[in-house]
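Letters A, B, ... are given to chains in the order of the sequence lines, protein chains preceding strands, and every chain is numbered from 1.
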Amino acid sequence: MEQNPEYVIEMLHITKEFPGIKANDDITLQLRKGEIHALLGENGAGKSTLMSVLFGLYQPEQGEIRKNGQPVKIESPNDATALHIGMVHQHFKLVDVFTVLDNIILGAEDTKMGFLQKKDARKKVEALSEQYGLHVNLDAKVEDITVGMQQRTEILKMLYRDNEILIFDEPTAVLTPQEIEELMQIMKNLAAEGKSILFISHKLNEIMEVSDRVTVLRKGKYVGTIDTAGTTKEELSRMMVGRPVQLVVDKDEAKPGEAVLTVEGLSVPSKVHKNDAVKNVSFTARAGEIVCIAGIDGNGQTEFVQALTGLEKASAGKITLCGHDISHASIRARSQTGMSHIPEDRHKHGLVLDFTLEQNMVLQRYYESQFQNHGFIRFGEVRSYAEKLIEQYDVRSGQGPVTVARSMSGGNQQKAIVAREIDRDLPLIVAVQPTRGLDVGAIEYIHSQLVAQRDAGKAVLLVSLELDEVMNLSDRILVMYEGEIVGELDPKKTTVEELGLYMAGAKRQGKERESA
Amino acid sequence: MKEKTPLMKRDGTRSVLASLISILIGLAAGALVVLLASLFNKSLNLKTAWEGIRLIFLGIVSTGRDAAGELSFGFNPVTFGNMLFRATPLILTGLSVAVAYKTGLFNIGAPGQYLAGTTATLFIALEIPTTVVPAWLVWVLALLGGMAAGALWGAIPGMMKAFLNINEVLACIMTNWIAANLTTWAFDVSNLKNTVENTKTAYIYKTSFNGVQTPKLFLDKLFPGSQVNGGILIAILLAVLMYIIFTKTTFGYELKACGANRHAAKYAGIKDRRSIVLSMAIAGAMSGAGAALYYLAGNTEFYWSTYQSLPATGFNGIPVALLAVCNPIAVIFTGMFMSMLDIAGQQLTALTAYNEYITDVIISVIVYLSAFSLVIKLWLGGKAKKKGPAEPDANAEKQPVPAPDAAAEGKEAGK
């Protein structure tokens, strides 16, 4: 292969094996100077491994890395830094109790006679932050600033070290929609200034918006590299998953029936401030419809769900489920009255990670007579029930029912929870961000399950931060802003822009809105 | 349908092997100390060292010295019976720690629960006159009373954890010393101080003074001349009961779920606070039972002025539990092993120039290693894998690829 100075970084025919698995199998990735190059693949497709090879964390068995056409050896992150390769990790590597400036210069400090020289550093950081529109407060402590600002600190850290090649590992996973918007702009600025960016993601919208070219990996193998301009989301997802994927949920008109859940004037106190996190919320969810509570993260959705499911106490209001007043009922009583709950945090609430899959499958039902006899667990029943769910909902794991939940992939953990909650066959399903962090294949699956439940006459209460999910899946949208429901929208009649205005608090319907 | 895993690849096998390796290394360390002591002391030599080492490994079957002055070995019913007798409280405090650990709690309060059990048992056994109440009933009441007192003493840190979110280790340290002082005070103002056998001070009457003692259940026929009694059978029974509760019942499932992830347990409608208090109460009851069975033997005396020290039996429950990887059935064997070391120490003192403190060295090495038992297990796992044919990895693609973050942290830590 002749030298090709067109590319600033080339990873040619990289193969990296772990015991029992080829994480990267003959993968080629070529990054042009000044482009934003997206690396797309499902969870476990080998993206992170490939980037770790580039960053010097792993040594490939085969293949070659070139910079500006010259073969280089990257044996440690120090080598990568010397080659001006920098990485923003998904989970930031910042010292919480240091200031932003201290974090930026950490490891690259100027000293004179053993004393820190921060003056020049401050000037350089200020200039960089001006140049790229990276607004940070240099003297704030990292623990006090927002996630978005922490990320900008990480980016400044790379720029301060004069990095030319910037790797962003799933940078939007932790950001709010506004922060994502800002990040996209920052990335474009960086590219315009001649930096080359590798952008790891499985979010198709972002890739379409920001990248110039996309390299797709699937199951450790190279699928192809294409120009973003000449492709569509559908094509990308097909390349990523290996089959056509339904991006828009296929569903019929909803046929709402009886009221299943009625919430009247629910208020929930906040844990961080004196005001209520949820203020006087009222609505009804009927059988056979998907009601979605949309909103930007932190507008009271979490507190609302906790009060609804009984995890926390409400300060006022009445909740009626299937005709029973459950305002003061225990968690188990609510669940037995007819409420399934797919929780927001699958590791904290959804699973006992150190239990096996089968033990987790009966977490909500172990006490039912099907699974116990005079207090003794009927292990045979538990096993066959778990096997049934695994089969029916295609939950994949290393050792089937006896797999420890912790060792499973995020997508399959979530599938297990969805299977467990849906199979209880209860009239109300509360699903909180059921697809967070999942790839398109798993999202498609979970969406279709929720629609199937709706069609089977269940009421589905969906709480989501993803605009696409809200627009696609719901039959009715309730927008929550600062703990209040500020609007009720029909997804067929509204637009993403209008929804965004409600979510941002710029628009609201009159207080006399009827609780339908 | 379910394939049998080969013995060497089973998790349980590896745990047992890891513990055995820890024990062997610990014993070897004891032997090394004996050897070194012998090399640097003129009154000792390699011959005495060899005797000491043999006693460390085989103390339980030592029968003293024969006519020629050489160590002799064989079945010794006295040491064997005494071993079982001393194992009784160790098994129970071991269970106490193991049961709490299974529910995510570190019960360092076993000494305090043991003392609470001791006090309650002795008061009941000695204060209720057997002329009025039949002795067997007093015995039963004393055992149950000891368990109840231990349970109460365990429940206190449990409640602090459940309702006030106070770390159970801190609370346990407090309750330990409170128990030590309360016990001293209670006996000081009591009329149970032994005034009949006036040779020793600050001891309480043996329960046999009131005619209350654990029946021998024919074990004295098996091990004539030893202190053994039916208590060991009760300890084994309780261990089996704990095993059944924690592996077979919904109650155990709730306690374990709560210990492994309190939030998820709450989400599933399990009463998390109740579970934590109950876990600690059960743990306390086990320690209390240990104390009750030890002092109800009829031949044991309690030194009541405890306010400056905590009973070692309580703390020794921790290595017993760790060595057993907190498996209630395994606790039976590790408890017996620890008491066997005790016996070996006695034999060293009685038969050679070395003393019983060697066993402290052995126990401490084993405790250190039991913390490494996971490492040893992994190492055993690695061996087994290399030996076996490469498994067809059907799940390869489903395995999460190691995240670069994890690797980066590893590297940073390695620096």
For this session: Would you please test Tyr253(B) and Val352(A) for side chain to side chain contact (heavy atoms under 4.5 Å, CB included) and show each step?
Result: CA-CA 11 Å; Tyr253(B) 177 90; Val352(A) 180; over 6 Å; no
Exercise. What option among Leu311(A), Val53(A), Asp354(A) has the most heavy-atom pairs under 4.5 Å with chain B?
Worked result: Leu311(A)
For this session: Count the heavy atoms of every other residue, nucleotide or ligand shown that sit under 6.0 Å from OH of Tyr393(A), and state whether that count exceeds 12.
Result: yes
Seminar exercise, completed: So, the part of Leu351(A) with a heavy atom under 4.5 Å from chain B: the answer is backbone
Exercise. Can you find a side-chain donor-acceptor pair between Tyr367(A) and Glu254(B) that sits under 3.5 Å?
Worked result: no
For this session: Walk me through it: do Ile244(B) and Phe376(A) pass the test side chain to side chain contact (heavy atoms under 4.5 Å, CB included)?
Result: CA-CA 9 Å; Ile244(B) 291 172; Phe376(A) 285 85; 3.5 Å; yes
Problem set entry | Portion of Phe379(A) that has a non-hydrogen atom of chain B nearer than 4.5 angstrom | side chain
For this session: Measure Lys256(B) against the heavy atoms of chain A and call it side chain, backbone, both or neither at under 4.5 Å.
Result: both
Problem set entry | Heavy atoms from other residues, nucleotides or ligands near NZ of Lys388(A) exceed 12 (cutoff 6.0 Å) | yes
Problem set entry | Over 12 non-hydrogen atoms of neighbours within 6.0 angstrom of CD in Glu391(A) | no
Exercise. What part of Gln306(A) is in contact with chain B, defined as an atom under 4.5 angstrom from a non-hydrogen atom: side chain, backbone, both or neither?
Worked result: neither
Problem set entry | Heavy-atom donor-acceptor pair, Tyr267(B) side chain to His341(A) backbone, under 3.5 Å | yes
For this session: Report yes if the side chains of Ile331(A) and Lys266(B) come closer than 4.5 Å at any heavy-atom pair, otherwise no.
Result: yes
Seminar exercise, completed: Interface check, chain B: of Gln364(A), Lys348(A), Gln372(A), most non-hydrogen pairs under 4.5 Å belong to Lys348(A)
Problem set entry | chain B contact via Arg406(A) - which portion, at a heavy-atom distance below 4.5 Å | neither
Exercise. Can you tell me if OH on Tyr366(A) sees more than 12 non-hydrogen neighbours from other groups inside 6.0 Å?
Worked result: yes
For this session: Answer yes or no: is there a side-chain heavy-atom contact under 4.5 Å between Arg332(A) and Ile270(B)?
Result: yes
